[in-house]
Asker: 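Structure provided below as structure tokens; questions to follow.
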Amino acid sequence: MSGASDLKGKVVLVTGGSRGIGAAVTRRFAALGCRVVIGYRSGHEAAEALARELAGADGACIAVQADVADPEAVTALVARTVEAFGGLDILVNCAALGHYRPLGKMDAEFIRSILDTNVMGVVLMTEAALPHLPSPGGRIINFASALAYRPIPTSSVYSASKAAVITLTHAFAKELGPRGITVNAVAPGVIETDMTAKIIEERGPQILAMTPLGRIGQTEDVAGIITFLASSDAGWITGRTIIADGGVT
Ligand SMILES: NC(=O)c1ccc[n+]([C@@H]2O[C@H](COP(=O)([O-])OP(=O)(O)OC[C@H]3O[C@@H](n4cnc5c(N)ncnc54)[C@H](OP(=O)(O)O)[C@@H]3O)[C@@H](O)[C@H]2O)c1
């Protein structure tokens, strides 16, 4: 058996799995027969509703509240995953804050909130998951952004946080290669979610004009890349960031 079909029964933890791209990723893994933990920070209703919808008769999907920037919460999230499903095979670090501000409008609290969630969160989650990931065979998949390669005005700190994710992905892949654990990332362009509602409203026609594939990206455009990277077919890929932006970059 090869490809996504070999994911049946695997335990997957998706941070930020309650909404947007993370929810599409969660749905895709659940459809492949995985047992999925949805990590979320504040959107209790959305997370619980999705978990109920996907749980099935055997309760194979649960939602767990945890701020990825809080070391104790991260430890508890991974512990709850292992307690519920007996292990952890695949970690998807999708949670992030997508806030933009121009120079002159940034303060330490703003900068810290983005770096804590988007960068430290990835490190803390990786540290916590590592003792449980199968070796060989474990998978870590991170979310970068095409804005790491081509920042736009006001996106500086967010873009830099995603550049850090690309470097963490590369460095962790080197560190974990000898253990047979792959670490990869996806760098989406604009995908229609809550995070981008304002940008699409303000710059929709401009985004369309610069996108060779001529439409706005949808969450489903990214979900299959994540399940591919989690599958055995991607076993010889590590340290890579795949740009998925309809050809813009
Ligand atoms: N949408 C795009 O165009 C785009 C483009 C490039 C990259 N990305 C990346 O793709 C990923 C998903 O983006 P999205 O657009 O789907 O985002 P979204 O719709 O804004 O959803 C963000 C998710 O992350 C969770 N989250 C935020 N901060 C958290 C924290 N500190 N701890 C735990 N969970 C937290 C949210 O949970 P709560 O709702 O419960 O707080 C929510 O589930 C992000 O990494 C983003 O940077 C998105």
Side-chain angles (χ1 to χ4, degrees), residues 4 12-32 36 38-43 46-47 49-50 53-54 68 90-101 114 117-119 121-122 140-166 169 184-230 234 240-249:
V12 188
L13 170 52
V14 184
T15 70
S18 61
R19 290 194 287 122
I21 302 172
V25 169
T26 298
R27 284 179 193 284
R28 194 64 84 97
F29 276 115
L32 291 168
V36 190
I38 299 169
Y40 68 99
R41 186 182 58 164
S42 52
L50 184 59
E53 179 195 325
L54 300 178
V68 297
I90 299 156
L91 169 66
V92 182
N93 285 311
C94 185
L97 293 178
H99 299 159
Y100 300 178
R101 279 193 199 173
I114 293 177
T117 292
N118 298 10
V119 182
V122 170
I140 300 171
I141 302 154
N142 297 325
F143 270 80
S145 167
L147 289 179
Y149 301 94
R150 43 175 185 83
I152 56 173
T154 77
S155 79
S156 57
V157 176
Y158 174 78
S159 296
S161 78
K162 293 302 185 176
V165 171
I166 292 169
T169 301
N184 292 290
V186 65
V190 174
I191 302 292
E192 194 170 354
T193 68
D194 296 342
M195 189 181 274
T196 51
K198 190 158 168 267
I199 287 184
I200 291 171
E201 192 187 314
E202 288 169 3
R203 300 181 53 233
Q206 211 180 322
I207 294 165
L208 273 181
M210 66 197 255
T211 305
L213 286 176
R215 62 178 176 82
I216 301 284
Q218 300 298 310
T219 58
E220 278 300 311
D221 291 320
V222 178
I225 300 169
I226 307 304
T227 49
F228 164 67
L229 289 172
R240 287 289 143 202
T241 296
I242 297 176
I243 299 174
D245 67 353
V248 178
T249 302

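When reading the values below, keep in mind they use all heavy atoms of this one structure, side chains included, and skip hydrogens, waters and symmetry mates. What you are looking at is a predicted structure, and each value in this text was computed from that prediction instead of being measured. Residues: numbered from 1 along the sequence shown.
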Asker: Which heavy atom of Ala148 sits nearest to which heavy atom of Ala163, and what is that distance?
Answerer: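 Between these two residues, the closest heavy atoms are CB-N, 3.6 Å.
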Asker: Do Lys162 and Leu147 have side-chain heavy atoms sitting under 4.5 Å apart?
Answerer: no
Asker: Please lay out, stage by stage, how Leu32 and Thr227 fare under the test side chain to side chain contact (heavy atoms under 4.5 Å, CB included).
Answerer: CA-CA 9 Å; Leu32 291 168; Thr227 49; 3.7 Å; yes
Asker: Is Ile152 close to Arg203 at the side-chain level, that is, under 4.5 Å between some pair of heavy atoms?
Answerer: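 Counting from C-beta outward, Arg203 and Ile152 do come under 4.5 Å.
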Asker: If you round to the nearest 0.5 Å, how far is CG of Asn142 from CG of Asn118?
Answerer: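 Result: 11.5 Å between the selected atoms.
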Asker: If every non-hydrogen atom of Val14 is compared with every non-hydrogen atom of Cys94, which pair is closest and at what distance?
Answerer: CG1-CB, 4.3 Å
Asker: If only atom types and distance count, is the side chain of Thr26 paired as donor or acceptor with the main-chain N or O of Gly17 below 3.5 Å?
Answerer: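 Checked: pair present.
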Asker: Within the 4.5 Å heavy-atom criterion, are Phe143 and Pro188 side-chain neighbours or not?
Answerer: yes
Asker: Can you confirm whether Val248 sits close enough to Arg150 that some side-chain heavy atom of one is under 4.5 Å from a side-chain heavy atom of the other?
Answerer: yes
Asker: Ignoring hydrogens and angles, tell me if any N or O in the side chain of Thr15 forms a donor-acceptor pair with the backbone of Ala95 under 3.5 Å.
Answerer: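 Yes: the side chain of Thr15 pairs with the backbone of Ala95.
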Asker: Quick one: does Ile140's side chain get under 4.5 Å of Asn93's, heavy atoms only?
Answerer: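 Yes, at least one pair of side-chain atoms sits under 4.5 Å.
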Asker: Specify the closest pair of heavy atoms between Ala96 and Thr117, including all atoms of both residues, with the distance to one decimal.
Answerer: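 Where Ala96 meets Thr117 most closely, the heavy atoms are CA-CG2, 3.8 Å.
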Asker: Quick check for you: to the nearest 0.5 Å, what is the distance between Arg101 atom CZ and Ser156 atom OG?
Answerer: 11.0 Å
Asker: Considering all heavy atoms of both residues, which atom of Thr196 and which atom of Ile191 are nearest to each other, and what is their separation?
Answerer: OG1-O, 2.6 Å
Asker: Evaluate the side-chain proximity of Tyr149 to Asp245: yes if any heavy-atom separation is below 4.5 Å, no if none is.
Answerer: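 No, their side chains stay 4.5 Å or more apart.
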Asker: What distance separates Phe29 CZ from Ile38 CD1, expressed to the nearest 0.5 Å?
Answerer: 12.5 Å
Asker: Closer than 3.5 angstrom, by distance alone: can the side chain of Thr211 be matched with the main-chain N or O of Ile207 as a donor-acceptor pair?
Answerer: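 It does hold such a pair.
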Asker: Quick one: closest heavy-atom pair of Glu220 and Ala24, and the distance?
Answerer: OE2-CB, 3.9 Å
Asker: Would you find more than 12 non-hydrogen atoms of other residues, nucleotides or ligands less than 6.0 Å from Arg240 atom CZ?
Answerer: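 Counting neighbours around CZ of Arg240, 12 or fewer heavy atoms of other residues, nucleotides or ligands fall under 6.0 Å, so no.
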Asker: Which heavy atom of Ala187 sits nearest to which heavy atom of Thr241, and what is that distance?
Answerer: CB-CG2, 3.6 Å
Asker: Would you give the length of the straight line joining atom CG of Leu97 to atom CZ of Arg41, rounded to the nearest 0.5 angstrom?
Answerer: 5.0 Å
Asker: Would you give the length of the straight line joining atom CG of Leu229 to atom CG of Asn184, rounded to the nearest 0.5 angstrom?
Answerer: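 Spacing of CG (Leu229) from CG (Asn184) equals 5.0 Å.
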Asker: Can you tell me how far the CZ atom of Arg19 sits from the OG atom of Ser42, to the nearest 0.5 Å?
Answerer: 7.0 Å
Asker: With a 3.5 Å distance limit and no angle check, can you tell me whether Glu202 reaches the backbone of Ile200 through a side-chain donor-acceptor pair?
Answerer: no
